[in-house]
Amino acid sequence: MPELPEVETVRRTLKNFIIGKEITKITVHYDNIITGDTNAFVTSLTGQTIRDIDRVGKYLIFILDTQAFISHLRMEGKYNIVAASKPLNKHEHLSFLFSDGSELRYQDTRKFGRLELVNKETYRHDLPLCKLGPEPWDADPQAIYRKIHKSNLPIKTLLLDQSLMAGIGNIYANEICFRMKIHPATPGKRLSKKRVAELIDVSTEILTQAITQGGTTIHSFDANGITGLFQVQLQVHLQKNCSVCNGAITKEMVRGRGTYYCPTCQKKQG
DNA sequence: CTAGTTCCCTGGCCGC
DNA sequence: TGCGGCCAGGGAACTA
């Protein structure tokens, strides 16, 4: 699933292909992919030119002449850029036809992703983006500590809370806990101020590094379109053996989410 | 206010 | 081989 680094890679890749293109027609093949009124979405954006693509947390924001819309890829959302003549595949739910004959298509096997028209001037302060916390590099250790130092929720669950910090999903939450040498089920209140500061540093480092690695694919597509997925060196997620002690990695559910950790290296304490 | 639950979807997997 | 059942998973909406 795309998390902040993958979404950032999609943003950069997409910018190379669609900035300056004028939308001449929008076709919605699956109505529920649009939050809000589909007709308003189509009529507001038709005739507009794409000027920029922004990102906040895992959201992409497409900026046009006088309009803007947000796109959340959720689990399997991706973008394809194809010739308009190419037959629609069964998971392409939305098509933006450009005046040059190319087409941007939103594809999503599980139909979990959503697009929504937003106010171009105020979207950062409106729902749903206003609910997002800072990205790790903007996070204030004091503020984060204040929010979690009484919480019984597992640290991994807190990492997934987008209102605390934005951009971290299941994969990177596992990786961050591993790098912190902390058991994912450790209650938030067990972390000292120092450990919270470290948590922010590690989160920043892991996401930044992943973006850098994604940078190598920026000018290309993979076979499945622009997904932002690339070879990230994962240390625990989906791994069989610990890269540090070589012991077996444990997989268990933490608050309903598949969680990988090394029982030897990751202890249940701050 | 915080925490817990349900729902959205479909491909892939399991068991028979 | 085919089919039914189950399940992951981000975030919104809802309930306790």
Side-chain angles (χ1 to χ4, degrees), chain A residues 1-8 10-11 28-38 55-61 69-79 88-94 106-118 123-124 126-136 143-177 184-190 203 207 210 223-225 227-229 234 236-239 250-261:
Chain A
M1 69 250 42
E3 305 182 24
L4 188 153
E6 290 76 25
V7 177
E8 176 61 16
V10 171
R11 184 186 77 84
V28 180
H29 310 104
Y30 176 73
D31 203 62
N32 286 353
I33 221 76
I34 310 284
T35 296
D37 183 50
T38 302
R55 182 192 55 70
V56 179
K58 301 179 203 172
Y59 287 86
L60 289 168
I61 304 99
F69 67 92
I70 58 175
S71 168
H72 195 299
L73 306 173
R74 294 283 184 97
M75 310 304 296
E76 303 193 7
K78 53 200 69 168
Y79 281 98
L88 203 69
N89 86 38
K90 74 185 271 204
H91 298 300
E92 289 173 332
H93 307 306
L94 182 64
Y106 178 71
Q107 174 182 114
D108 192 339
T109 355
R110 287 196 189 166
K111 299 178 175 173
F112 264 29
R114 292 291 180 266
L115 292 90
E116 181 179 5
L117 207 57
V118 293
Y123 66 84
R124 275 178 176 270
D126 301 334
L127 283 170
L129 300 192
C130 66
K131 286 205 168 180
L132 299 176
E135 290 170 0
I144 302 295
Y145 177 79
R146 211 177 307 126
K147 287 185 179 175
I148 70 171
H149 82 287
K150 287 181 181 169
S151 177
N152 288 311
L153 288 174
I155 187 60
K156 178 177 173 224
T157 304
L158 293 167
L159 283 169
L160 294 173
D161 181 348
Q162 302 299 300
S163 69
L164 187 65
M165 283 199 282
I168 299 166
N170 201 41
I171 297 171
Y172 292 112
N174 285 333
E175 293 296 313
I176 291 164
C177 290
T186 307
K189 64 181 178 189
R190 299 269 282 276
S203 302
L207 295 194
N224 300 312
T227 63
L229 296 174
L234 297 175
V236 270
H237 193 261
L238 297 177
Q239 304 303 302
T250 298
K251 186 196 177 189
E252 65 185 43
M253 301 302 268
V254 173
R255 299 277 157 150
R257 293 283 183 262
T259 301
Y260 294 78
Y261 68 96

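Letters A, B, ... mirror the listed sequences (proteins, then strands); counts begin at 1. Keep in mind that this is a model prediction, so the values were computed, not measured.
Per the geometry, NZ belonging to A:Lys78 stands 15 Å off P belonging to C:dG10, to the nearest Å. Nucleotide C:dG10 holds its P atom 7 Å from the CD atom of A:Glu3, rounded to whole Å. One interatomic measurement links the two molecules: CG of A:Leu129 to P of C:dG11, which rounds to 11 Å at whole-angstrom precision. A straight line from CG of A:Asp31 to P of B:dC9 spans 11 Å, rounded to a whole angstrom. Note: CG (A:Asp161) to P (B:dA3) measures 9 Å, nearest angstrom. Remark: P of C:dA8 and CZ of A:Phe112 are 12 Å apart, rounded to the nearest angstrom. B:dT10 atom C1' lies 8 Å from atom NE2 of A:His91, rounded to whole Å. Rounded to whole angstrom, the span from the NZ atom of A:Lys111 across to the C1' atom of B:dG11 amounts to 13 Å.
Distances from the side chain of A:Met75 to the nucleotides C:dG10, B:dC9, B:dG11 place C:dG10 closest.
Taking A:Arg146 as the reference, nothing meets the salt bridge (Lys or Arg N to Asp or Glu O under 4.0 Å) condition, with sequence neighbours excluded. Every residue meeting the side chain to side chain contact (heavy atoms under 4.5 Å, CB included) condition with A:Thr109, not counting sequence neighbours, appears here in chain and number order: A:Glu76, A:His91. A:Lys189 pairs by the side chain to side chain donor-acceptor pair (under 3.5 Å) definition with A:Asn152, not counting sequence neighbours. Applying the salt bridge (Lys or Arg N to Asp or Glu O under 4.0 Å) test to A:Arg55 and every residue at least two apart in sequence or in another chain returns A:Glu8, A:Glu135.
Ring planes of A:His72 and A:Tyr59: perpendicular class, angle over 60° (limits at 30 and 60°).
Contact of the A:Asn89 side chain with the A:Gln107 side chain is registered, since non-hydrogen atoms from C-beta on lie closer than 4.5 Å. Contact check for A:Ile33 versus A:Tyr106: side-chain heavy atoms found under the 4.5 Å cut-off.
For A:Arg114 against C:dG10, no side-chain N or O and base N or O form a donor-acceptor pair under 3.5 Å. One cannot find a donor-acceptor pair under 3.5 Å joining the base of C:dA8 and the side-chain atoms of A:Arg257.
At a threshold of 4.0 angstrom between heavy atoms, the contacts of A:Lys147 with the nucleic acid are absent.
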Please write out each protein N/O paired with an N/O of nucleotides 12-16 of chain C under 3.5 Å, distance rounded to 0.1 Å.
unit_1	atom_1	unit_2	atom_2	d
C:dA12	OP1	A:Tyr59	OH	3.1

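For A:Lys58 and C:dG11, the shortest distance from a side-chain N or O to OP1 or OP2 is below 4.0 Å. Dashed line: the shortest gap from a side-chain N or O of A:His72 to OP1 or OP2 of C:dG11 is under 4.0 Å.
A donor-acceptor pair is defined here as one N or O able to donate and one able to accept, closer than 3.5 Å; such a pair exists between the side chain of A:Thr259 and the backbone of A:Arg257.
In this structure, A:Val7 and A:Pro2 approach most closely via the heavy-atom pair CG2-CB, 4.1 Å.
Listed in residue order, the members of residues 162-171 of chain A having a heavy atom less than 4.0 Å from DNA chain C are A:Gln162, A:Asn170.
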